Number of protein chains: 2
Amino acid sequence: MPGQHTLDETESQVATRLAGMNLDFEAMAVTANLFRAANAARNHMERTVLAKSNLTWTAFVVLWVAWIWESAETREIASEAGVSKATLSGVLTTLEGRGFVERKRGEKDGRLVTVELTASGKRLMKKLFPEFNKSERHVVRGLTSAEQPVAADILRRITQATN
Amino acid sequence: MPGQHTLDETESQVATRLAGMNLDFEAMAVTANLFRAANAARNHMERTVLAKSNLTWTAFVVLWVAWIWESAETREIASEAGVSKATLSGVLTTLEGRGFVERKRGEKDGRLVTVELTASGKRLMKKLFPEFNKSERHVVRGLTSAEQPVAADILRRITQATN
DNA sequence: TAAAGATCGTTCGGGTCCGAACTATCTGAG
DNA sequence: CTCAGATAGTTCGGACCCGAACGATCTTTA
């Protein structure tokens, strides 16, 4: 299988290639595997659950946030979804065009825009989210149930340290 | 601070909003925090280390893979960087235009393309990578040195489970 | 109560990002 | 030897992605 390296091969190549450079290899291993894992999980979910509804990852997360909070302000959605307000603006336009969300100008504060799911958007999430959750279960199936809260906690601390 | 929720608030809102839906909340917490952490770390690095050299995240990863392996085939880079070959093609064109990499047609197999860093690309990585590693150290500073290998191992298992 | 400043969402330009369709090349069965 | 099939990288269309610049709106200050 030419041109294919296992995780172990990659990490040992890294170690020899960068030997004597005074680097923190532990930190490197954590972040490298963090991105690999997030990417693998995201790609998997996009190709299985999300593709059927023709939704991108970000579009789904935006729907999810608005669904969970009943109605959400855009900067809140952007922050939870981890995208810039510029990106969110475009995604909302797409979702609005497909009839899944509605934008509403703030009445008290004319600068604000709140986002609500339409009936169609709610139906979609009600059907989609259980399937999505099944995928989440698949992603963590390599961890024991004791390890899962540990993993969540570690990841929370990484997020906090980065802000 | 209107429109801002803490992680705890979000998770408890999720719990009440989705109560009685027979979902795996442990798995949900792991994946949600996985994406949050990866996103936070990526944004942090893009804005600090990478912005100075006007590099995107993916462009940096591509350079990194080619640098570590001395010279790499495109499908290998795409796989390690976690992007499709279509995306890689565009990124390589950008990097080639900026003089950081060179494409070389395979001599034995005319379909293959191998990628090598130019002298300029090597200089860039030699300067940039130690700074990048300092950022990686920052990202994991909330974890003890005993926890870091545990974290890397857990993330590796998530990656494996997803394939 | 104006003018200065802060904050919000949108727009713009350029760079990813992907699946699908495409061209070029190699491989195998007959 | 040939040509169907597999494989590699590119192109294309459409969606995301960001920082910067922008207009609209609220808030603060004098």
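Owing to the predicted nature of the structure, the values given are computational and were not obtained by experimental measurement. Within every chain, numbering begins at 1; the chains are lettered A, B, ... in the order of the sequence lines, protein sequences first and strands thereafter. Only this structure's heavy atoms are used, side chains among them; waters, hydrogens and symmetry mates stay out.
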**Request:** Check every strand shown and say whether B:Arg47 touches a base, only sugar-phosphate, or nothing at a heavy-atom separation below 4.0 Å.
**Result:** sugar-phosphate
**For atom CG of A:Leu50 and atom C1' of D:dA15, their distance in whole Å** = 14 Å
**Item:** Over 12 foreign heavy atoms within 6.0 Å of CZ, B:Arg137
**Value:** no
**Message:** Between A:Arg103 and C:dT10, is there a contact of a side-chain N or O with OP1 or OP2 at under 4.0 Å?
**Reply:** yes
**Request:** Could you work out which one of C:dG19, D:dC18, C:dT25 sits closest to the side chain of B:Asp109?
**Result:** C:dT25
**Asked** Does A:Arg42 or A:Glu107 map to a spot on DNA chain D nearer the 5' end, using the closest nucleotide for each?
**Response** A:Arg42
**Asked** Contact class for A:Gly110 vs. all strands (heavy atom < 4.0 Å): base, sugar-phosphate, or nothing?
**Response** sugar-phosphate
**Prompt:** Quick one: B:Leu88 CG to C:dT16 P, roughly how many Å, whole number?
**Reply:** 11 Å
**Message:** Can you measure B:Asn39 atom CG to D:dC17 atom C1' for me and round it to whole angstrom units?
**Reply:** 11 Å
**Item:** Short side-chain N/O contact to C:dC8 OP1/OP2 from A:Arg75, under 4.0 Å
**Value:** yes
**Prompt:** Which part of the nucleic acid, if any, lies within reach of B:Thr94 when heavy atoms closer than 4.0 Å are counted: base, sugar-phosphate only, or nothing?
**Reply:** sugar-phosphate
**Prompt:** If you check the A:Thr74 side chain, which of C:dC8, C:dC12, C:dC18 turns out closest?
**Reply:** C:dC8
**Side chain of B:Arg105 (C-beta onward), nearest among D:dG9, C:dG9, D:dT7** = D:dG9
**Item:** Sugar-phosphate, base or nothing in reach of A:Ser84, heavy atoms under 4.0 Å
**Value:** base
**Request:** Would you mind reading off the distance between A:Leu112 atom CG and D:dT27 atom P, rounded to a whole angstrom?
**Result:** 10 Å
**Request:** Using atom CG of A:Asn43 as one end and atom C1' of C:dT16 as the other, report the distance to the nearest whole Å.
**Result:** 14 Å
**Prompt:** So what does B:Gly97 hit on the nucleic acid, given a heavy-atom distance under 4.0 Å: a base, only sugar-phosphate, or nothing?
**Reply:** nothing
**Message:** Assuming nearest nucleotide by heavy-atom distance, tell me which of B:Lys85 and A:Thr114 is located more 5' along DNA chain C.
**Reply:** A:Thr114
**Side-chain N,O (A:Thr87) to OP1/OP2 (D:dC16) below 4.0 Å** = no
**Request:** Just compare C:dT10, D:dA24, C:dC18 and give me whichever is closest to any side-chain atom of B:Val83.
**Result:** C:dC18
**Asked** Are B:Phe60 and B:Leu128 close enough that some pair of their side-chain heavy atoms sits under 4.5 Å apart?
**Response** yes
**Request:** Nearest whole angstrom, please: distance from the C1' of D:dA15 to the CG of A:Asn54.
**Result:** 10 Å
**Asked** So what does A:Ser89 touch, heavy atoms closer than 4.0 Å: a base, only the sugar-phosphate, or nothing?
**Response** base
**Message:** Do A:Leu55 and A:Leu95 make a side-chain contact, defined as non-hydrogen atoms from C-beta onward lying under 4.5 Å apart?
**Reply:** yes
**Asked** Pick one: which of B:Asp153, B:Thr31, B:Val30 meets side-chain contact (heavy atoms from CB on, under 4.5 Å) with B:Ile158?
**Response** B:Val30
**Request:** Give a yes or no answer on whether the side chain of B:Ser79 reaches the backbone of B:Arg75 with a donor-acceptor pair at less than 3.5 Å.
**Result:** no
